[in-house]
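One structure is given below, encoded as structure tokens.
Every heavy atom of this structure was used, including side-chain atoms; hydrogens, water molecules and symmetry mates were not. Per chain, numbering begins at 1; letters A, B, ... match sequence-line order.
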2 protein chains.
Amino acid sequence: MSARVARHDCAPPWALGVIAVKTRSFVSARMVAERAGVSRSAVSRTFTDGASVSEETRRKVLDAAGALGYHVNHLARGLRERSNIVCLVVSNMTTPIRARMVDIMTRQLQASGWITMVINTETDTESVSKALRQTLNYRADATVVLSGTPSASLIEACLANGQQVVLINRDDRLKGSSTLAVDNSLAGREALFLLQRAGCKRLGLVTSNAQTASLVERERVFVDIARAQGLNVTVTMAGPTTYESGADAARRLFGRSNGPDGVFCVTDLLALGFMDVARDEFGLRIPEDLCVVGFDDIEQADWRAYQLTTFAQPLEAMATHVVDLLNDSEGASSDRKLFEPIPIWRRSVRPGVKTD
Amino acid sequence: MSARVARHDCAPPWALGVIAVKTRSFVSARMVAERAGVSRSAVSRTFTDGASVSEETRRKVLDAAGALGYHVNHLARGLRERSNIVCLVVSNMTTPIRARMVDIMTRQLQASGWITMVINTETDTESVSKALRQTLNYRADATVVLSGTPSASLIEACLANGQQVVLINRDDRLKGSSTLAVDNSLAGREALFLLQRAGCKRLGLVTSNAQTASLVERERVFVDIARAQGLNVTVTMAGPTTYESGADAARRLFGRSNGPDGVFCVTDLLALGFMDVARDEFGLRIPEDLCVVGFDDIEQADWRAYQLTTFAQPLEAMATHVVDLLNDSEGASSDRKLFEPIPIWRRSVRPGVKTD
DNA sequence: TTGAAAGCGGTACCAC
DNA sequence: GTGGTACCGCTTTCAA
């Protein structure tokens with residue numbers, strides 16, 4: 001691990017009154033008790049919710065605590081009870097959608113009294129494993145996996161240790177873990193519908209090589225339904241789930257004759273890169289010559305340069321559900337909840353010719 | 001706080017061998033010791049770096065630990081020694097630049113053996129206070145403030161409790177805390193130089209109402225130097241540090257006659273909104289009619305729709321410095337390190353007429 | 001090398 | 001209501 005050496009290079013707490021120089025180290029309940037002239041138990045009770053302390057004692061304790069700068073040690077508390085720690089496992093944190101997920105999750109967890117340990121992982125299993133072990137080391141009460149691909153065995157270790165495990169937008173549906181996901185097939189179906197209604201004839205689909213369950217599902221449904229209707233779909237997979245991959249996809253698709261006039265990009269980031277190249281390098285007008293649908297509704301999709309029609313994930317609702325799950329703990333552990341993506345209408349798809 | 005009730009609603013560990021049903025709760029060293037037929041001390045030593053265990057014992061312990069799924073309890077360990085926890089205080093996490101900071105910081109901290117607790121705060125002092133108290137509750141060894149405005153008194157509480165405190169890009173230079181910042185005056189100066197070299201005559205500056213030390217400094221230097229040269233600068237402050245504010249700023253600046261032809265936006269996000277409106281709503285060509293310089297070098301600045309000339313913060317180097325600071329702990333606690341922003345040349349500023 | 005025992009900071013249970 | 005005590009899980013002397 002780390003190569004740090006420093007230990008308690010400072011006066012022990014009980015030397016406090018004597019030395020009084022640069023105290024260092026944390027204040028303990030014992031110190032507060034001494035100063036307040038009460039027992040440690042009294043101090044503990046003062047800071048415990050269902051207490052039973054006289055107003056008098058309470059005040060003395062609070063005064064002493066304030067003067068000393070006392071803070072209850074949750075590490076010690078977590079020794080007997082729950083640690084109140086939630087581990088958030090996430091990869092690709094800089095992606096706008098992921099950043100928002102982390103933002104919303106941490107915010108809601110915090111508001112509900114949890115403390116969040118963020119484990120930032122590469123997508124590969126190895127680094128997730130290392131990370132998850134930390135989860136266990138710190139006795140997290142729960143692990144929430146936003147992304148990355150943890151090995152089933154490790155998740156099982158978390159479960160075996162009594163942790164709650166919540167998987168978001170992933171397929172591995174392990175016994176004992178809760179899963180929440182966005183209804184990707186709905187998005188795929190709806191995307192196709194939007195493009196068809198706009199009168200698009202030559203359909204394209206742009207995806208990444210990440211091949212996440214979510215991505216694959218969106219693609220599958222879009223393509224299947226289209227083909228069932230006798231429509232061909234040109235599928236392009238240009239690289240990771242990035243702006244650049246979207247740009248590359250556009251070059252491939254329009255580099256040959258007869259490019260598509262309606263494209264579903266399984267991610268906004270792909271869509272934005274795709275749009276830029278379609279316009280700049282191939283002179284296509286959006287939505288006149290080309291309609292584009294994305295997924296995620298990242299902030300940039302609303303920027304004037306794009307105005308991308310897309311689907312929003314109900315992130316706040318999803319986070320609320322996670323928090324509820326954790327707070328219940330008993331409540332229906334091994335379930336799967338599906339959230340409906342919300343279509344966001346902007347200008348990258350033509351208004352559509354009503355045919356009713 | 002939270003309203004959760006559940007306690008150890010499960011068989012005690014020592015019932016394991018007997019009941020063997022849905023074990024739950026964490027495995028302890030004692031259980032490993034029993035199974036391995038050694039003392040608890042032996043188990044502890046096996047997992048301590050400078051151990052002194054016979055190969056035989058070690059193997060027995062590791063076998064038992066593996067079978068039981070044992071993980072050292074860092075909470076208990078942190079009771080006597082350092083907790084190895086670092087608190088990362090951050091606000092506005094969805095902002096691209098902030099997301100990257102969090103990403104890089106967590107990654108490097110992790111790599112160096114630290115575990116990161118993320119405290120997501122509104123920018124207001126109150127919520128930061130609440131958050132920082134958590135820091136103390138969990139006995140974090142250090143607190144790293146990426147953004148938000150913690151009250152000086154709380155920071156002092158952290159310091160008094162022996163925490164290391166590192167402030168990034170903030171001005172509050174408290175005794176005992178380390179500060180790292182980007183050289184904002186250099187950026188302001190350089191931005192002005194770029195615009196002048198491009199032949200811009202009517203200068204503008206777009207900032208936000210956040211009035212961070214960093215933002216103020218960039219503005220101050222840009223404006224001061226320009227005025228010292230007899231050039232006037234129109235300063236616009238449209239709202240928070242967002243894309244929309246940049247857009248609004250453009251509307252204000254170009255809504256009247258004789259708008260600027262060279263603008264320094266103190267943040268990329270402002271710059272991108274500014275560019276979109278300048279082009280779409282006022283028909284200005286960039287860089288022919290209008291030159292724009294930003295700051296941060298967020299990913300979007302490199303997108304084809306923008307190609308913004310800007311300054312990058314050397315985030316990796318900064319994170320490395322933070323980690324070094326934490327690992328040293330002794331090393332020059334109360335210092336301030338300045339990092340040079342790196343100019344990134346793109347196409348939002350004209351090549352510039354050399355005049356040498 | 002090993003095991004026993006003390007202590008880290010709290011909370012819960014116990015009499016008083 | 002209050003203080004004493006046991007115990008949470010670990011590391012660390014200290015003898016053996």
Side-chain angles (χ1 to χ4, degrees), chain A residues 1 7-8 10 12-14 16 25-34 36-61 65 68-84 136-139 141 161-162, chain B residues 1 5 7-8 10 12-14 16 25-34 36-61 65 68-84 136-141 161-162:
Chain A
M1 299 257 158
R7 287 251 178 286
H8 291 289
C10 47
W14 51 86
L16 213 177
S25 102
F26 286 87
V27 179
S28 74
R30 195 175 48 67
M31 296 161 71
V32 176
E34 271 169 25
V38 298
S39 71
R40 292 197 306 155
S41 319
V43 177
S44 177
R45 280 188 217 108
T46 304
F47 291 99
T48 309
D49 264 358
S52 173
V53 217
S54 72
E55 200 44 51
E56 159 100 29
T57 309
R58 176 184 204 73
R59 210 188 33 68
K60 281 196 291 187
V61 169
L68 258 37
Y70 171 69
H71 295 262
V72 178
N73 186 337
H74 282 35
L75 261 40
R77 174 185 276 176
L79 229 44
R80 323 184 108 264
E81 325 207 7
R82 315 187 52 178
S83 65
N84 245 9
L136 296 172
N137 284 332
Y138 282 92
R139 295 313 192 243
D141 294 329
N161 279 302
Chain B
M1 296 260 154
V5 281
R7 290 251 176 287
H8 289 292
C10 48
W14 52 86
L16 213 175
S25 99
F26 287 86
V27 180
S28 74
R30 193 176 47 67
M31 296 160 70
V32 176
E34 272 169 23
V38 298
S39 70
R40 291 186 292 159
S41 319
V43 177
S44 177
R45 281 189 214 105
T46 303
F47 291 99
T48 309
D49 264 357
S52 173
V53 216
S54 71
E55 199 45 50
E56 159 102 28
T57 307
R58 172 184 208 74
R59 208 187 34 67
K60 280 195 291 185
V61 169
L68 257 37
Y70 171 69
H71 295 263
V72 178
N73 186 337
H74 281 34
L75 261 39
R77 172 186 277 176
L79 231 43
R80 326 182 108 267
E81 325 204 8
R82 314 189 52 178
S83 64
N84 246 9
L136 295 172
N137 285 331
Y138 282 92
R139 297 310 192 246
D141 293 331
N161 279 301

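- Remark: A:S54 is in phosphate contact with D:dT2, judged by side-chain N or O atoms under 4.0 Å from OP1 or OP2.
- Taking atom CG of A:N137 as the reference point, atom P of D:dC10 lies 10 Å away to the nearest angstrom.
- Judged by closest nucleotide on DNA chain D, A:V38 is the one of A:V38 and B:V43 placed further toward the 5' end.
- Checked by distance alone, A:S39 brings no side-chain donor or acceptor within 3.5 Å of a matching partner on the base of D:dG4.
- Spacing between atom CZ of B:R59 and atom P of C:dT2 amounts to 12 Å, rounded to whole angstrom units.
- Side-chain proximity of B:S44 to C:dG10, D:dT2, D:dT11: nearest is D:dT11.
- Closest to the side chain of A:S41, from the set C:dA5, D:dG4, D:dT11, is D:dG4.
- Each of B:S52 and B:A76 has a nearest nucleotide on DNA chain C; the 5'-most of these lies closest to B:S52.
- Remark: the backbone N or O of A:R40 is not paired with any side-chain donor or acceptor of A:S44 at under 3.5 angstrom.
- For the pair B:R77 and C:dG7, the criterion of a side-chain N or O lying under 4.0 Å from OP1 or OP2 is not met.
- Using a 4.0 Å cut-off between charged nitrogen and carboxylate oxygen, B:R30 and B:E34 count as a salt-bridge pair.
- Within the 4.0 angstrom heavy-atom criterion, no nucleotide atom of any strand lies near A:R58.
- To the nearest angstrom, P of D:dC7 lies 14 Å from CG of A:L79.
- If you check distances only, the side chain of B:R45 does reach the base of C:dG3 with a donor-acceptor pair under 3.5 Å.
- Looking at B:N161, its side chain never comes within 3.5 Å of a backbone N or O of A:F26 through a donor-acceptor pair.
- The side chain of A:R30 contributes no N or O atom lying less than 4.0 Å from OP1 or OP2 of D:dG3.
- Of the possible polar contacts, one joining the B:S83 side chain to the B:R139 backbone as a donor-acceptor pair under 3.5 Å is found.
- Atom CZ in B:R40 sits about 9 Å away from atom P in D:dC8, given to the nearest Å.
- If you measure from atom CE of A:M31 to atom P of C:dC8, you get 12 Å, rounded to the nearest angstrom.
- Remark: C1' of D:dT11 and CG of B:D49 are 13 Å apart, rounded to the nearest angstrom.
- In this model, the phosphate group of D:dC7 is not approached by any side-chain N or O of A:R80 to a distance below 4.0 Å at OP1 or OP2.
- Regarding A:E81, its CD atom lies at a distance of 18 Å from the P atom of C:dG9, rounded to whole Å.
- Side-chain atoms of A:R80 do not come within 3.5 Å of backbone N or O of A:R77 as any donor-acceptor pair.
- When the P atom of D:dG9 is taken as reference, atom OH of A:Y138 falls 18 Å away, rounded to whole Å.
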